Amino acid sequence: MPPTDTPSLAMKPHSAHWGVFSAAWDGQRLTVQPHPGDPDPNPLLQNFPDALRHRVRVTTPMVRRGWLERGPGPDATRGCDDYVPLPWPEALDLVARELRRVEQAHGIGAIFGGSYGWSSAGRFHHAQSQVHRFLNTALGGYVRSVNSYSAGASAVILPHILGSMDEVARRNVTWEQIVEHSDVVLAFGGMALRNSRVASGGISRHIERESMRQAAERGCRFVNISPLRPDLPEEARAEWLAARPGTDTALMLGLVHTLVSEGRHDRDFIARYCDGWDTFEDYLLGRSDGTPKSAAWASALCGLPERRIAELARELHGKRVLVVVAHSLQRAEHGEQPVWMGAVLAAALGQLGLPGGGYNYALGTLAHYGKRLNAVPSAALPQGTNAVKEFIPVARIADMLLHPGEPFDYNGQRRSYPHVRLAYWAGGNPFHHHQDLNRLREAFRRLDTLIVHEIAWTATARHADIVLPCTMTLEREDIGATPTDPLMVAMHRIAEPHGLSRDDYDIFADLAERLGQRDAFTEGRDTRGWLRHLYEKTRAALEARGDEAPDFDTFWARGELRLPQRPDDGGILRAFRDDPAGQPLPTPSGKVQISSPTVAGFGYADCPGHPAWLPKQDVPDARHPLFLIANQPATRLHSQLDFGGHSTASKRQGREVCRLHPADAAARGIADGDIVRLFNDRGACLASVRVTDELMPGVVQLPTGAWYDPQDPAAERPLCVHGNPNVLTRDHGTSSLAQGCSGQLTAVQAERFDGPLPAIRAYEPPSPVSRSDV
Ligand SMILES: Nc1nc2c(c(=O)[nH]1)N[C@H]1C(S)=C(S)[C@@H](COP(=O)(O)OP(=O)(O)OC[C@H]3O[C@@H](n4cnc5c(=O)[nH]c(N)nc54)[C@H](O)[C@@H]3O)O[C@H]1N2
Ligand SMILES: Nc1nc2c(c(=O)[nH]1)N[C@H]1C(S)=C(S)[C@@H](COP(=O)(O)OP(=O)(O)OC[C@H]3O[C@@H](n4cnc5c(=O)[nH]c(N)nc54)[C@H](O)[C@@H]3O)O[C@H]1N2
Ligand SMILES: [Mo]
């Protein structure tokens, strides 16, 4: 469909993962305004204006020179090669032919279409749904990935102990309940406002700051158990307990040990609602291993004073306590343990299922948790049927490419890695999300072909063989919606596509045509046709309820539609508390699994049958004495629009800023504003330093998301001159159970960097070589 919008100053509605807004593009300047109903708008919206027409946008289809010259196959020049622009029809012919070649030579089980990533907020142009639908309808399927980088460990452990992650994270305790009922919120990993500003699909009202303010005002105590003080905002008036990273399970064990040894645990609750307490108690009290997990024992591991641990346990007794465990805690070695132990702590306090109490895994890490659910469904693109049964846990991508055919454990199964020859990525950035990027580079070099749709020249695009330029969200129409926000947004087109970029959908439709499956993919619809079709599901559900159910054109003209929401009912935990026999939990016993015979039966030493403290491999030592915290960035979503104004304004000398404690800085002769080199045996990067006591000693914090920028792309372990922490992190599953991402923590050393500062080239697009030179 041709763009219908001429440049104008009229503000039109749109939505992004960082909120609902309106925008206008006059051909020169983009104006962005948050939704007027948003009490605490997300500053990330201000990455849009400079990003829309930035020089790093991909403007034309490009093919890697070595791939054109030598054809598909493993190639060590991926990541340091030139690119040749091709007209769209030729580029699409190449892609279609290559898909067919791989299918015929190796089968569709040699095509990886996991394509993990956050892409954009619109529900139709959601790139993963598009690529999955395309591979299913045009080829019959692909090797997929399961779970997420967000919650790889918890998505697997939670169903064994309570219920699905969605039930435990998304339909549980709300901010409304916290404002009204909670006495204590024990936040492991904090509840940083920078994080809860973001939600896939977009949120129209950011209420976290005000909710914490009101709860604190009423007398609710927030406890921030985290290496970083700003992980809870001023408004929460929190106590800050800086425990050593990675030791939360020990701290929670110390708290429960104190409760149990003083008889302050809720024995009635445990007897009525829990299964497997005795096995756990044998471990807790040291009957099974000779080590009581006392406050003194916990203190030696987590670094908090024994007395404070014991007192905290007593302060929790008899109070309406909400235990919150951030995603970050499980994005680490043995990440299953704090998730499980958080539930056990809440159970020992007898709080599960009470209003404003119990356990809400991940509350405060994203904007769609702690909210009411919509009473009607919202749009989602059907993805078709995948005939390939092989999958990988999402963060095992490099393992799969480096070790085809080799076995791996996952959730009680012994599976093997498929031999993938072609990977198709749309809407994600593995050079943002994956660990140990030097290893990932090696892994991607094993492929025959890597195809990427991108809006900009990310490092992933720079490692691809075929790069197809796609529109960014502002350049197309869509529907914005998330199941926990009542506003459904008619996302109008704000600007015309940049360069020759095309919608992912139109690219896939033309590829499907070349593979003889256009109608199967499109069902005869153009974008507008799909928006009407997807909207109808919501409209029909509204009508069935007897609510106002405007037709699509009315919705589109209004720009938004307010959806009815379900009552704030506390979800499955409340239902179970009220009626344990009638509303059992979806666990083997129907109760809370304090220990799990199922998990025990898997026989994993790195994930036993009850929550346990397990010593870790990836911890500081004499050579790498600092914990690196590689957490979410405050100034962007992941790597998206890192080149936008809000993100670049936070950098110093063009580099990402890390935080270091004054004591650690002084010991290394490092001053605020210096450039440091962070390194370990896996890699090294530069960053600017902020010296501050808002983090604990022994820790350096460098957020994710600075675009990977190798000083010498041809070197084996190049220095990233920009500050991407994933050159340092370890690529290892959380455990044999979940095989989740463990990128949050690693061990590094820091030193002042006095050499000449290398230029930042991450935002310079590769200069094209013409085909006559190839
Ligand atoms: N060390 C460490 N690593 C981590 C984490 C950590 O805490 N520490 N966190 C992890 C977590 S929780 C996550 S969720 C991941 C996030 O990892 P990703 O989701 O892969 O990161 P994004 O930067 O959001 O990548 C989205 C990509 O999609 C592109 N894009 C946007 N819109 C479109 C579109 O319409 N079409 C197409 N084709 N592309 C589009 C963007 O330009 C961007 O490159 O990172 C993980 N990695
Ligand atoms: N602005 C912004 N917001 C985001 C995102 C983003 O990229 N940018 N990403 C979104 C996504 S996809 C996700 S999944 C969520 C992720 O949500 P989280 O994973 O919870 O977010 P992080 O910022 O990585 O981690 C939160 C805090 O945990 C603390 N922490 C780290 N290790 C430990 C530990 O061992 N123990 C304790 N007690 N604390 C620890 C760190 O101080 C860190 O600041 O955030 C979402 N929100
Ligand atoms: Mo995430």
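Because the structure is predicted, anything quoted here is derived from the model rather than measured. First listed ligand is number 1; within each ligand, the first listed atom is number 1. Side chains are part of it too, since the values below use all heavy atoms of this structure and drop only hydrogens, waters and symmetry mates. Numbering starts at 1 and runs along the sequence shown.
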N/O donor-acceptor pairs under 3.5 Å from side chains in residues 222-234, not counting sequence neighbours:
{"unit_1": "Asn224", "atom_1": "ND2", "unit_2": "Leu228", "atom_2": "O", "d": "3.2"}
{"unit_1": "Asn224", "atom_1": "ND2", "unit_2": "Arg229", "atom_2": "O", "d": "3.1"}
{"unit_1": "Ser226", "atom_1": "OG", "unit_2": "Leu228", "atom_2": "N", "d": "3.1"}
{"unit_1": "Ser226", "atom_1": "OG", "unit_2": "Leu228", "atom_2": "O", "d": "3.4"}
{"unit_1": "Ser226", "atom_1": "OG", "unit_2": "Asp231", "atom_2": "OD2", "d": "2.5"}
{"unit_1": "Asp231", "atom_1": "OD1", "unit_2": "Arg194", "atom_2": "NH2", "d": "3.0"}

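Annotation for ligand 2: atoms under 4.0 Å from non-hydrogen atoms of Gly246 are 34 (C), 35 (O). Of all the atoms in ligand 2, the ones that sit under 4.0 Å from a non-hydrogen atom of Leu329 are 36 (N), 37 (C), 38 (N), 39 (N). The atoms of ligand 2 that sit less than 4.0 Å from any heavy atom of Ala326 are 20 (O). Shown in contact with Pro245 at under 4.0 Å from a heavy atom are these atoms of ligand 2, numbered in order with element: 35 (O). Using a 4.0 Å cut-off to heavy atoms of Asp248, the atoms of ligand 2 that qualify are 34 (C), 35 (O), 36 (N), 37 (C), 38 (N).
Residue contacts with ligand 2: Thr247 is placed with no nitrogen or oxygen under 3.5 Å of a nitrogen or oxygen of the ligand (distance criterion only).
How far CH2 of Trp457 is from CZ of Arg462: 7.5 Å, rounded to the nearest 0.5 Å. Note that NZ of Lys651 and CD of Glu656 are 4.5 Å apart. Values are rounded to the nearest 0.5 Å. Taking CD of Glu477 as the reference point, atom OG1 of Thr471 lies at 11.5 Å (rounded to 0.5 Å).
The protein residues lying under 4.0 angstrom from ligand 1, judged by non-hydrogen atoms, are Tyr116, Gly117, Trp118, Ser119, Ser120, Ala127, Tyr149, Ser150, Arg331, Ala426, Gly427, Gly428, Asn429, His432, His433, Gln435, His453, Glu454, Ile455, Thr458, Cys470, Thr471, Arg476, Asp504, Ala630, Gln632, His638, Ser639, Gln640, Thr704, Asn726, Thr729, Gly743, Gln744.
Close placement of the Trp707 and Phe643 rings is indicated, their centers lying within 6.0 Å of each other.
Residue Leu728 comes nearest to Arg682 through the heavy atom pair O-NE, 2.9 Å, listed as atom of the first residue, atom of the second, then distance.
The existence of a salt bridge linking Glu496 and Arg53 is excluded, since no basic side-chain nitrogen approaches an acidic carboxylate oxygen closer than 4.0 Å. For the pair Arg170 and Asp166, the salt-bridge criterion is met [side-chain N within less than 4.0 Å of a carboxylate O].
At a 4.0 Å cut-off, at least one heavy atom of Pro227 sits close enough to ligand 2 to count as contact.
Looking only at side-chain heavy atoms (C-beta outward), Ser200 and His368 come within less than 4.5 Å of each other.
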